[in-house]
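Worksheet for the structure shown next.
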Amino acid sequence: MNLSLRLLTAVFSFLVGVNALADESRPSGPSKPTHSEYFVSVGAGVIQNREDPTSTFVIALAPNKPLPPNSTLLIEFENPSNPESPFVVVDKLDEKGELHARSPKVDRIYNKRAYLVRTKLIGEGQKILSIHDQWIWFELPKELRNGYATNIVD
């Protein structure tokens, strides 16, 4: 086997291995609320609408401590159609001091799958000060799907 073919095989094997590791870290069932330096998850889920053929991811976070002045919250919702290209939402704490964020509507969602919501606290100079990860488990039994217009893929 020549050197370039061996190198190509090694790179391909590495990429397949990295993908397998990413899938192994994805929960295979409901996950608990997470805690990070600045936040605790108080709620997360998927909103299904009976008439609208879309789904929306939602998350609610409460701060553990005051956020640095002039910081920004960047929330990345996993895109079911393209997980490498998340939906990004910029948001802020509400009048109660909590974060309530929602993704754009998605027209297809995979059943029995966990979706990642990553909240980044951005400080001065666009420096990432903290990351809060929360997995959202979606599962809708076939018996209940008839009442929803959403495209749910098994």
Side-chain angles (χ1 to χ4, degrees), residues 11-68 71-123 126-154:
V11 168
F12 177 75
S13 298
F14 173 75
L15 292 175
V16 169
V18 168
N19 257 349
L21 286 175
D23 284 340
E24 285 177 20
S25 63
R26 183 180 301 275
S28 60
S31 58
K32 295 180 180 180
T34 57
H35 301 262
S36 62
E37 180 183 359
Y38 283 93
F39 292 105
V40 60
S41 297
V42 292
V46 179
I47 296 175
Q48 298 289 124
N49 187 325
R50 290 191 183 275
E51 293 79 33
D52 187 7
T54 60
S55 301
T56 305
F57 297 105
V58 294
I59 189 162
L61 303 177
N64 288 327
K65 64 182 186 180
L67 303 186
S71 56
T72 303
L73 296 171
L74 224 63
I75 304 94
E76 298 176 349
F77 292 93
E78 184 174 340
N79 179 348
S81 297
N82 185 1
E84 291 79 35
S85 181
F87 300 114
V88 179
V89 175
V90 178
D91 213 333
K92 59 184 177 180
L93 300 182
D94 63 17
E95 62 280 349
K96 294 180 182 176
E98 296 182 346
L99 172 70
H100 296 272
R102 61 177 48 219
S103 73
K105 293 180 177 181
V106 296
D107 58 4
R108 177 176 60 165
I109 190 165
Y110 293 92
N111 201 32
K112 296 181 182 177
R113 181 180 170 104
Y115 293 92
L116 180 62
V117 179
R118 174 167 283 157
T119 303
K120 295 179 180 178
L121 179 62
I122 309 295
Q126 298 301 304
K127 181 180 177 190
I128 298 173
L129 304 176
S130 178
I131 294 177
H132 180 88
D133 286 344
Q134 178 64 57
W135 290 95
I136 297 176
W137 178 254
F138 177 75
E139 183 173 358
L140 189 62
K142 287 185 180 186
E143 300 80 33
L144 299 178
R145 289 191 212 169
N146 293 338
Y148 295 91
T150 304
N151 181 11
I152 299 170
V153 180
D154 280 312

Item checked: Separation of Thr72 OG1 from Leu121 CG (nearest 0.5 Å) -> 8.5 Å

Margin query: As an exercise, state the distance from CZ of Phe39 to CG of Leu73, rounded to the nearest 0.5 Å.
Written below: 4.5 Å

Notebook entry, point to check: Heavy-atom distance under 4.5 Å between the side chains of Ile131 and Arg118, does that happen here?
Noted result: yes

Note to self: Can you tell me how far apart OG (Ser103) and CD1 (Ile136) are? Round to the nearest 0.5 Å.
What the structure shows: 8.0 Å

Item checked: Side chains of Ile128 and Ile122 in contact at under 4.5 Å (non-hydrogen atoms) -> yes

Notebook entry, point to check: Can you name the residues that form a salt bridge (Lys or Arg N to Asp or Glu O under 4.0 Å) with Glu37, not counting sequence neighbours?
Noted result: Lys65

Margin query: To the closest 0.5 Å, what do you measure between CG (Leu93) and OG (Ser71)?
Written below: 7.5 Å

Item checked: Considering all heavy atoms, the nearest Val42-Ala62 contact -> CG1-CB, 4.0 Å

Notebook entry, point to check: Does any pair with a residue in residues 45-68 pass ring pair (Phe, Tyr, Trp, His ring centres under 6.0 Å), and if so which ones, sequence neighbours excluded?
Noted result: Phe57-Tyr115

Check: Which pairs with one or both residues in residues 88-99 pass salt bridge (Lys or Arg N to Asp or Glu O under 4.0 Å), sequence neighbours excluded?
Finding: none

Check: Which residues satisfy the salt bridge (Lys or Arg N to Asp or Glu O under 4.0 Å) test with Lys120, sequence neighbours excluded?
Finding: Glu76

Notebook entry, point to check: What heavy-atom pair brings Phe138 and Gln48 nearest, and what distance separates the two atoms?
Noted result: CE1-OE1, 3.6 Å

Check: Is there a side-chain contact between Leu116 and Pro83, using heavy atoms and a 4.5 Å cut-off?
Finding: no

Notebook entry, point to check: Counting distance only, does the side-chain N/O of Arg26 pair as donor-acceptor with the main-chain N or O of Ala114 below 3.5 Å?
Noted result: yes

Notebook entry, point to check: Any idea which heavy atoms bring Ser85 and Asn79 closest together, and the distance?
Noted result: O-CB, 3.3 Å

Next item on the list: Mind jotting down which residue pairs meet the ring pair (Phe, Tyr, Trp, His ring centres under 6.0 Å) criterion with at least one end in residues 75-105? Sequence neighbours excluded, please.
Entry: none

Give every donor-acceptor pair under 3.5 Å between a side-chain atom in residues 27-34 and any protein atom, sequence neighbours left out.
residue	atom	partner	partner atom	Å
Ser31	OG	Trp135	O	3.1
Thr34	OG1	Ser41	OG	3.4
Thr34	OG1	His132	NE2	3.2
Thr34	OG1	Asp133	O	2.7
Thr34	OG1	Gln134	OE1	3.0

Next item on the list: Return the minimal non-hydrogen interatomic distance between Leu140 and Leu144, and the atom names on each side.
Entry: CD1-CB, 4.0 Å

Check: To the nearest 0.5 Å, how far apart are CD in Glu78 and CZ in Arg113?
Finding: 5.0 Å

